[in-house]
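Read the structure below first, then the notes.
Below, each value reflects all heavy atoms present in this structure, side chains not excepted, and no hydrogens, waters or symmetry copies.
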Amino acid sequence: QVQLVESGGDLVQPGGSLRLSCAASGSIFSINVMGWYRQAPGKERELVARIFSDGTPNYADSVKGRFTISRDNAKNTGYLQMNSLKPEDTAVYYCNARLMRRGMTYLDSYWGQGTQVTVSS
C-alpha cells in the first residue's frame, strides 16, 4: 500500500507564506510526477503545480512567481513553498503522486487527504 500525507496548511494573513509538505510512504519503486492541486468551496479541483522526476516544474498561471514546487527523491517527499498569499488561494490543497510500486510495471495515481490553507486578515 501507498500513503501520501500532507502537512503545513494553516491560517495566514494576505501577503504571508506557507510551506506544504507531502510525504509518500509504502512500497514505492519510483515517483514519476508529484503535484499539488487545490479545491475551493463550490469550485472544481485545479492543478496548482507539478514536478517531474527530472525536476522540471509546471505552474498554474495564477501562482507563477509566487509558489515554488520542489521534491526530495531520497525521502519521497514533495514541497510547495507559497509566498505572497492572497485570499483567493484559500482552498484545500491535495498532493498527488503518479508512481510505480515495487514489483509493478505501470504507474498508479495516489492522493493525500488534503490540508486546509486559509488566507484571511
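Atom CH2 of Trp36 is separated from atom CD of Glu46 by 14.5 Å, given to the nearest 0.5 angstrom. Gln81 CD to Ser21 OG: the interatomic distance, rounded to the nearest 0.5 Å, is 9.5 Å. The CE atom of Met34 sits 10.0 Å away from the CG atom of Asp72 when rounded to the nearest 0.5 Å. Of the inter-residue distances, the one linking Ser7 atom OG with Arg19 atom CZ reads 9.5 Å to the nearest 0.5 angstrom. For the atom pair CZ (Phe29) and CZ (Arg102), the distance works out to 9.0 Å, reported to the nearest 0.5 Å.
With hydrogens and angles left out, the side-chain atoms of Asn83 and Ser17 include a donor and acceptor closer than 3.5 Å. For Ser53 and Asn73, the side-chain atoms include no donor-acceptor pair closer than 3.5 Å. Between the side chains of Thr118 and Gln116, at least one donor-acceptor pair of N or O atoms lies under 3.5 Å.
Contact record, Ser121 with Pro14: N-CD, 3.7 Å, taken as the closest heavy-atom pair. Contact record, Ser70 with Ile51: CA-CD1, 3.9 Å, taken as the closest heavy-atom pair.
Under the 3.5 Å distance criterion, the side-chain polar atoms of Gln39 are left unmatched by any main-chain donor or acceptor of Ala91. Between the side chain of Glu6 and the main chain of Gly114, a donor-acceptor pair closer than 3.5 Å is present. In this structure, the side chain of Arg66 engages the main chain of Ser84 through a donor-acceptor pair within 3.5 Å. Thr77 places no side-chain N or O within 3.5 Å of a backbone atom of Ala23 that could act as its donor or acceptor partner. Put simply, the side chain of Arg50 never gets that close to the backbone of Ala97: no donor and acceptor are under 3.5 Å apart.
Using a 4.5 Å heavy-atom cutoff, the side chains of Arg38 and Thr115 are not in contact. No side-chain heavy atom of Tyr59 sits under 4.5 Å from any side-chain heavy atom of Leu47. With a 4.5 Å cut-off on side-chain heavy atoms, Asp89 and Phe67 count as touching. Under the 4.5 Å side-chain criterion, counting only non-hydrogen atoms from C-beta, Leu99 is not in contact with Ser30. Within the 4.5 Å cutoff, the side chain of Lys75 has no heavy atoms near those of the Ser25 side chain. Taking 4.5 Å as the limit, every side-chain heavy atom of Ser120 sits out of range of all side-chain heavy atoms of Thr90.
With respect to Asp61 and Lys64, a salt bridge is recorded, a charged nitrogen being found less than 4.0 Å from a carboxylate O. Between Asp108 and Arg98 there is no salt bridge, since no side-chain N of the basic residue sits under 4.0 Å from a carboxylate O of the acidic one.
If you chain together hydrophobic residues whose side chains sit under 4.5 Å apart, Val2 and Ile31 fall into the same group. Note on Ile28 and Tyr110: same hydrophobic cluster, where clusters join Ile, Leu, Val, Met, Phe, Trp and Tyr whose side-chain heavy atoms are under 4.5 Å apart, directly or indirectly. Val12 and Leu20 fall within a single hydrophobic cluster, where Ile, Leu, Val, Met, Phe, Trp and Tyr are joined by side-chain heavy atoms under 4.5 Å apart, directly or via other members. Clustering ILVMFWY residues whenever any of their side-chain heavy atoms sit less than 4.5 angstrom apart, transitively, puts Phe52 in a cluster other than the one holding Leu80.
The disulfide (SG to SG under 2.5 Å) contacts involving residues 18-66 comprise Cys22-Cys95, where partners must be two or more places apart or lie in separate chains. For residues 69-100, no residue pair satisfies the ring pair (Phe, Tyr, Trp, His ring centres under 6.0 Å) rule, not counting sequence neighbours.
Side-chain rings of Tyr37 and Trp111 approach one another, their centers coming within less than 6.0 Å.
Counted within 6.0 Å of CD on Glu88, heavy atoms from surrounding residues, nucleotides or ligands total more than 12; the atom is thus considered enclosed.
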